[in-house]
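Notes to accompany the following structure.
Reckoned from all heavy atoms, side chains included, excluding hydrogens, waters and symmetry mates.
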Amino acid sequence: MEGTHIMSDAAVPAVPPTPPVPLAALLAREDLGLRQIAGPTDSGTVIHGAHTSELSDPHPYLLGGELLLTAGVHIPKATAGADASEPTSGAPTPEAVESGAYFDAYVSRIVSAGGAALGFGLAPVHDTVPTALVTACDSHGLPLVEVPPRTTFSGVARAVWQLMARARLAELRRVTEAQQSLAAAASRPDPVRAVLRQLARRVEGRAALYGPEGTELAAFGHAPGEAITQALAALTAVVHPAAARGAGNCATSHNAPAAAQSQQPREVSPRTLTPTSATDAVAGTHLTAYALGSPPRFALAVATPHRDPGTHTITSVAAVLLSLLTGEEQQSGTGAARVSALVRLLLGAAPQDVAPLLGGAEAWLVVHARPADDTSSPDPLMAGALGAALGTALVDTHGDVVRVLVPADREVTAQPGWTCGVSAPTGPQAWPSADAQAARALARARATRTALVRHGSRTALADLVPEEDATAHARTLLAPLAGSPALVGTLRTWLSLHGSWDRTAVALAVHRNTVRQRVSRCAALLGADLDDPDVRMELWFALRQE
C-alpha cells in the first residue's frame, strides 16, 4: 500500500488541466516522419510539451515531461567525430571514450530533470545521430527520436500542441457528459444508487457508499480483491472517524503495511481536524475517499484503474451530489413534512396549524432579496444557496425577487451579492403582513443602496391607539386613493424615503417624473399639502395600517 495522501478542497482544480499526449501519437504523424531509434518503445511514454535547447546541460530549464529537441550544436567537434574514428574491433579510441562520457552525462541530466524524450534533428549540423548518444539513451531508458531534415522543430512543437488540444477537448467532453449523466441519475427514483452506478461506469472502476457505522451500504462496478476492499475501508476511515470507531478500520502510518493499517483502530478526538478527502494506491489500483456532509455521516470510496484530472473531477461532482442526497435533512423526513404542509395549506388549513410541520418555530421572519448587481435574475441554484446561507430551505423565487421564510431565532445578516429586506418577527397568522413588510424593506434597501434593511418596530404612538381605531382612521383618510395601488405604493415609498424623488424612482423602478406625477395626484385627491410635516406624519401613520 502506498502512502495515503490527504487532499484539501483548495487543491481541487475547477476544470481538468490539459492532459499529456502519448509519444506514440506523435510518432504516428506521417507528415512529421519521426522515428524512434533508442529507448523503451512499450513504456507508454507521455509528453507534456516540446522544448528546444542547444545547451550542453538543459537541466535547469526543464520542468519535466518535455520532448527536448536539439540539432547537436552543443556537441564538441572532437566528440562528434568520435564515431567515425572508432575501430570496428579492439579497444575504443580515446575520442570514443570521451564521446561516450559526454553523451552519458548529457542524457543523465535530461533524465534527472524529468525529460520524457529526446528528439535529435538531422542537418544542418549532423547527418546521422551519434552512436554514443543512441547507446546513452538505451542505457538510461530515455526514448530517442530521429527528426528528419524536412521536419522543423517548430513543426514538431505545433504537432504536440495540436495533439494536446485534441486531448483536452476529449477530456472536457468526457467530464461534461459524465456530469450530465450524474445529474440525471440524481433525479431518478432511487438517486443514491443511481449516482453510484453511473459513477462506477464513468470512471471504469468501483464506487461504494459507507454508512455512519463504517459498513458498506451500496456498491457498483468491478468487484475488487480482498486487499483493495480492505484498503477502501481503511481509507474511508481517514475521512470518516465515526466509521473507524464503528468498524475498527483505519489508515495510520503511511509506511505501515496494508494489513496492519486495516487492523489498528484509530482513536479520534472530537477536536481532531478530519480531512474531507484522501487518496491511496494498491496493486496499481487508485483509491479515493470523500467525506459526505458536515459533520460527515456517510463516505464515498472509489477505486479506479487510473488516476487523472478528469476522473478526479467526475468523482468530486459525484461526491457533491451524494452529500446533498444523503444530507441530514433528506434522511430526517423534513422534506416530506414540508410537502405535507403545502398540501394542507392548499386544502384550506390555517397557517398557524401548518407552521409546526415547517420546524415548529413560534415566530418567523420573511426575507425579500434581489441580486445586488440588478442585472441578473436569480435562478433556483442562487436561491437555494441564499436559503442555505440563511439556514433554511423555505425559499421561493418569483420574478426578480427571492422570498425566504426564516425562523425568528436565527440571525439574518447581510449576504454578499444580495440586497435584502427583512420583516419584523411575526406568527404564521400574520405571514402576509410580514411579506409586505419585507417587500417595503427591500425597496428601501435598493433605494438607499444598503445591503440589508429591517422593518422598523411599531412606534410608541401606534401602541397608544387601539388597532381597530387606527385601521378605521387609515381607511377613511386614504379613501380617495382606494382602488389605485400604484398611488398608495408610491406615496408610501416616497414618504419612507423622506420625499426623495430619485430614491423613490430607484425603489419603484420608474422614472422620477412618474414619481412626481403620482405624488401630485395623491396630493390632489387627498386635498392635502404634502410639504406639511404634520400631514406627512398623519399619512405615514395611516399607511402603516394598510
Side-chain angles (χ1 to χ4, degrees), residues 7-15 179 183 273 275-277 290-296 313 316-317 319-321 323-325 327-330 334 338 358-359 361 363-426 434-457 493 496-497 500 502-509:
M7 299 183 294
S8 65
D9 294 336
V12 178
V15 295
Q179 289 175 335
L273 181 61
T276 57
S277 59
Y290 293 86
L292 305 180
S294 181
T313 301
S316 297
V317 170
V320 172
L321 288 173
S323 292
L324 296 174
L325 294 172
E328 183 77 32
E329 191 170 289
Q330 295 291 337
T334 305
R338 292 188 183 125
L358 302 178
W364 298 78
L365 298 171
V366 177
V367 179
H368 280 214
R370 287 186 58 165
D373 56 13
D374 269 343
T375 60
S376 59
S377 297
D379 57 32
L381 289 177
M382 294 173 62
L386 175 63
L390 296 177
T392 179
L394 301 175
V395 181
D396 170 56
T397 303
H398 181 70
D400 294 334
V401 176
V402 176
R403 299 188 297 178
V404 187
L405 195 60
V406 182
D409 59 355
R410 297 179 185 174
E411 183 180 2
V412 175
T413 58
Q415 300 299 315
W418 293 92
T419 301
C420 302
V422 185
S423 73
T426 183
D435 187 59
Q437 292 175 0
R440 293 196 291 269
L442 174 60
R444 184 174 180 83
R446 295 183 63 233
T448 59
R449 293 180 173 82
T450 305
L452 184 143
V453 169
R454 303 179 190 275
H455 179 78
S457 59
T493 304
S496 73
L497 296 172
S500 171
D502 292 330
R503 290 184 175 183
T504 304
V506 171
L508 298 178

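- With contacts defined as side-chain heavy-atom distances shorter than 4.5 Å, the pair Pro407/Trp364 qualifies.
- Taking the side-chain contact (heavy atoms from CB on, under 4.5 Å) definition, one finds that Ala438 meets it with Val366, His368, Ser423, sequence neighbours left out.
- With values rounded to the nearest 0.5 angstrom, His455 atom NE2 is found 12.0 Å from Leu365 atom CG.
- Closest non-hydrogen pair, Ala319 versus Leu292, comes out as O-CD2, 3.4 Å.
- In terms of heavy-atom proximity, Leu452 sits nearest to Ala414 at CD1-N, 3.7 Å.
- Annotation for Ser500 and Thr504: closest pair O-OG1, 2.6 Å, computed over non-hydrogen atoms.
- We find the CG-CZ distance between Leu497 and Arg444 to be 5.5 Å, quoted to the nearest 0.5 Å.
- Listed by chain and number, the residues in a salt bridge (Lys or Arg N to Asp or Glu O under 4.0 Å) with Asp396 are Arg403 (sequence neighbours excluded).
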Do Val395 and Val402 pass the side chain to side chain contact (heavy atoms under 4.5 Å, CB included) test, and can you show the C-alpha distance, the side-chain angles, and the key distance before you say yes or no? CA-CA 7 Å; Val395 181; Val402 176; 3.6 Å; yes

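- Here the closest non-hydrogen pair linking Ala291 and Ser323 is O-OG, 4.3 Å.
- Expressed to the nearest 0.5 Å, how far CG of Asp435 lies from CG of Leu405 amounts to 9.5 Å.
- For the residue pair Ala369 and Trp418, the shortest heavy atom distance occurs at CB-CE3, 3.7 Å.
- Residues forming a side-chain contact (heavy atoms from CB on, under 4.5 Å) with Arg446 (at least two apart in sequence, or on another chain): Arg370, Asp374, Thr419, Leu442.
- A donor-acceptor contact shorter than 3.5 Å links the side chain of Gln415 to the backbone of Thr413.
- The minimum heavy-atom distance linking Cys420 with Ala445 is given by the pair O-CB, 3.7 Å.
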